[in-house]
Amino acid sequence: MPGASPTTDGAARTGGRVLIVDDSAVARAVIARAIDASDDFAVAGAVPTAGAALAFLARERVEFILLDIEMPGVDGLTALPDIIAAARGAKVIVVSSADEARVGGTVQALTLGAVDKVAKPTEGGLASGFSERLLAKLTELSGEPTPTPPPAPAPRPRAPATLHGFDPGAFEVIAIGASTGGIHALSGLLRALPADMRLPILITQHLPEAFMPYFAAQVAVLAGRPCDVATDCMRVRAGRVVIAPGDAHLHCMRLPDGSASIRLRRGATASGCTPSVDPMLASLAEVFGPGVLAVMLSGMGRDGAEGARRVRDAGGCVLAQDRATSVVWGMPGAVAGLAAALLDPESIGALIARCRKP
C-alpha cells in the first residue's frame, strides 16, 4: 500500500496509533516523521485516498486519523461521515491548508464530527513548528475518552421535565461557550431549536479570526436564523445569533433605552483565550441577571468557569455538556458543580426550545 510504513513499536507507545490520510507523498512523509519523533505516538499507516483509509480501518484499529480534506477522487470532506463510522471511536483531526479558500471546508468538517484541526505544513517550510503543533494536539486529545453515542435503537436520555433553577419563561438571552469538539456539539444543539424560539443567542467558540465568517454561515444554516460575527456597538436582537470574533472578547452592555449592545474588548484574560467565554458570561450576568441561560459545551481548559459562576450568582442558570458526549470535558467539567444539569447537546437544545419569551 502506498505511503509511509507503520512504525513497529506502536503497541509500546501509550499515546496511540495514528493513520495518516493524504494524497501528497511529501505531506505523508513529513507528518510521519513528526509522529515517529515522539515517544508517545506511532504511525499505524499512511494512505493516499479515502478509499484506502476505509480499507485500512476495516482491518486495523487506531486512536487518531489525520485527514486531508482536499484529495482527488472522493475528497476527505465527502468521505468524513464514512470514515467516522469506520473509525470505531478514533478521533479525526483535519489537516488542511490554512489559506482562506480552504477554511470553509475545515469548519464544515468540524461540524460533521472532526474533533480538531491542524494547519498542513507548507512545502516551503515543511517542518516549521508543525511537529510541535501536531504533537501538542495529539497529546491534548489522547487523555480524553472518545464520545460513545448509544446504539441507534437506544434513545438518548431526555431532558428532565423539571429542573431546579431552570424557568423557561425567565430567560432573556442564551450564551454558549465552546472549544475543541464544540462545533459538532453546537450543531446538535442548534438543530433542536424550533423556528419560533426567539431568544437572542450569543456564542464564543475558540477559533481563529479567519474562520469566523464561515463559522457564522454554518451556524445560520444549522440554527435556521441569521447569524453575525459581532462588531462593536451591534445590538442584541431577538431571533438572531451573534458569535464572538476571533480577535476580541464579546462584552454586553445595557443602553439607556433598555436594549442591549455588544462591545468588543481586547487584551489578556485569565484563561489566556481569545476570544474568551469568561468576559461574555460575566457581562451578560451583569446586564441580564437571572435572565441568562449559559451553556458550556466540549472544550479544553477552564475558560468560562468564572463567567459561569457569575451567571449563577446573578440568579441565572448554567447547563453543561455531559462527559460521555464531550470530545474534551475540560470546560464543561469545570462548571459541572455550578450546572443545573449535565446533558448531551440535543437534550440541551430541547431544554432551550422550551424558552418562548418574546
Side-chain angles (χ1 to χ4, degrees), residues 159 163 165-179 182-183 185-205 215-216 218-220 222-230 234-244 249-254 259-262 275-299 303-304 307-312 314-321 331-332 335 338-358:
L163 196 63
F166 182 85
D167 179 359
F171 300 118
E172 300 177 71
V173 64
I174 311 296
I176 302 173
S179 186
I183 293 180
L186 185 64
S187 69
L189 185 158
L190 293 175
R191 286 191 179 103
L193 301 183
D196 63 347
M197 207 291 294
R198 300 288 296 161
L199 292 184
I201 302 173
L202 276 57
I203 299 172
T204 292
Q205 164 76 48
F215 179 47
Q218 193 74 25
V219 167
L222 294 168
R225 65 202 72 212
C227 178
D228 302 300
V229 179
M234 177 182 284
R235 296 293 182 102
V236 177
R237 297 164 60 189
R240 300 184 74 92
V241 184
V242 177
I243 64 174
H249 315 299
L250 192 158
H251 282 246
C252 191
M253 62 178 294
R254 183 74 73 181
S259 64
S261 174
I262 289 169
S276 173
V277 181
D278 277 319
M280 176 183 72
L281 295 183
S283 65
L284 288 172
E286 185 174 341
V287 171
F288 291 99
V292 181
L293 175 58
V295 177
M296 198 67 65
L297 299 178
S298 176
D303 185 28
R309 184 190 64 78
R310 298 275 291 275
V311 168
R312 191 199 61 173
C317 181
V318 177
L319 301 174
Q321 187 173 354
M331 287 166 59
V335 305
L338 304 170
L342 305 176
L343 298 164
D344 62 83
E346 291 80 3
S347 294
I348 293 175
L351 277 177
I352 296 173
R354 300 181 194 173
C355 302
R356 292 292 195 274
K357 193 177 185 70

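Throughout, numbering of the chain's residues begins at 1 and tracks the sequence.
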Compare every heavy atom of [Y] with every heavy atom of [X], then report the nearest pair and how far apart it is.
| X | Y | value |
| --- | --- | --- |
| G304 | V335 | O-CG1, 4.0 Å |
| R225 | P194 | NH2-O, 2.9 Å |
| M331 | L297 | CB-O, 4.1 Å |
| A192 | A350 | CB-N, 3.9 Å |
| V287 | C252 | CG2-O, 3.4 Å |
| L351 | F166 | O-CZ, 3.3 Å |

Using side-chain heavy atoms (C-beta onward) and a distance below 4.5 Å, is [X] in contact with [Y]?
| X | Y | value |
| --- | --- | --- |
| I176 | I201 | yes |
| V236 | V242 | no |
| I352 | V295 | yes |
| V229 | F215 | no |
| I262 | L250 | yes |
| L281 | R310 | no |
| L222 | R191 | yes |

Once rounded to the nearest 0.5 Å, what's the spacing between atom [atom1] of [X] and atom [atom2] of [Y]?
| X | Y | atom1 | atom2 | result |
| --- | --- | --- | --- | --- |
| H251 | S276 | NE2 | OG | 8.5 Å |
| R354 | M197 | CZ | CE | 13.5 Å |
| L190 | I203 | CG | CD1 | 5.5 Å |
| L293 | C355 | CG | SG | 5.5 Å |
| M234 | D228 | CE | CG | 4.5 Å |
| R312 | C317 | CZ | SG | 11.5 Å |

Item to complete: From the options L319, V277, V318, I348, select the one residue that forms a side chain to side chain contact (heavy atoms under 4.5 Å, CB included) with M296.
Response: V277

Worksheet item: Would F288 and F171 count as a close aromatic pair, with their ring centres under 6.0 Å?
Response: no

Sidechain-backbone polar pair: [X] side chain, [Y] backbone, donor-acceptor under 3.5 Å:
| X | Y | result |
| --- | --- | --- |
| R240 | P226 | no |
| Q205 | S179 | yes |
| Q321 | P332 | no |
| D278 | D303 | no |

Item to complete: Walk me through it: do Q218 and I183 pass the test side-chain contact (heavy atoms from CB on, under 4.5 Å)?
Response: CA-CA 10 Å; Q218 193 74 25; I183 293 180; 5.9 Å; no

Worksheet item: Do other residues, nucleotides or ligands put more than 12 heavy atoms under 6.0 Å from the CZ atom of R237?
Response: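 At most 12 heavy atoms, drawn from other residues, nucleotides or ligands, come within 6.0 Å of this atom.
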
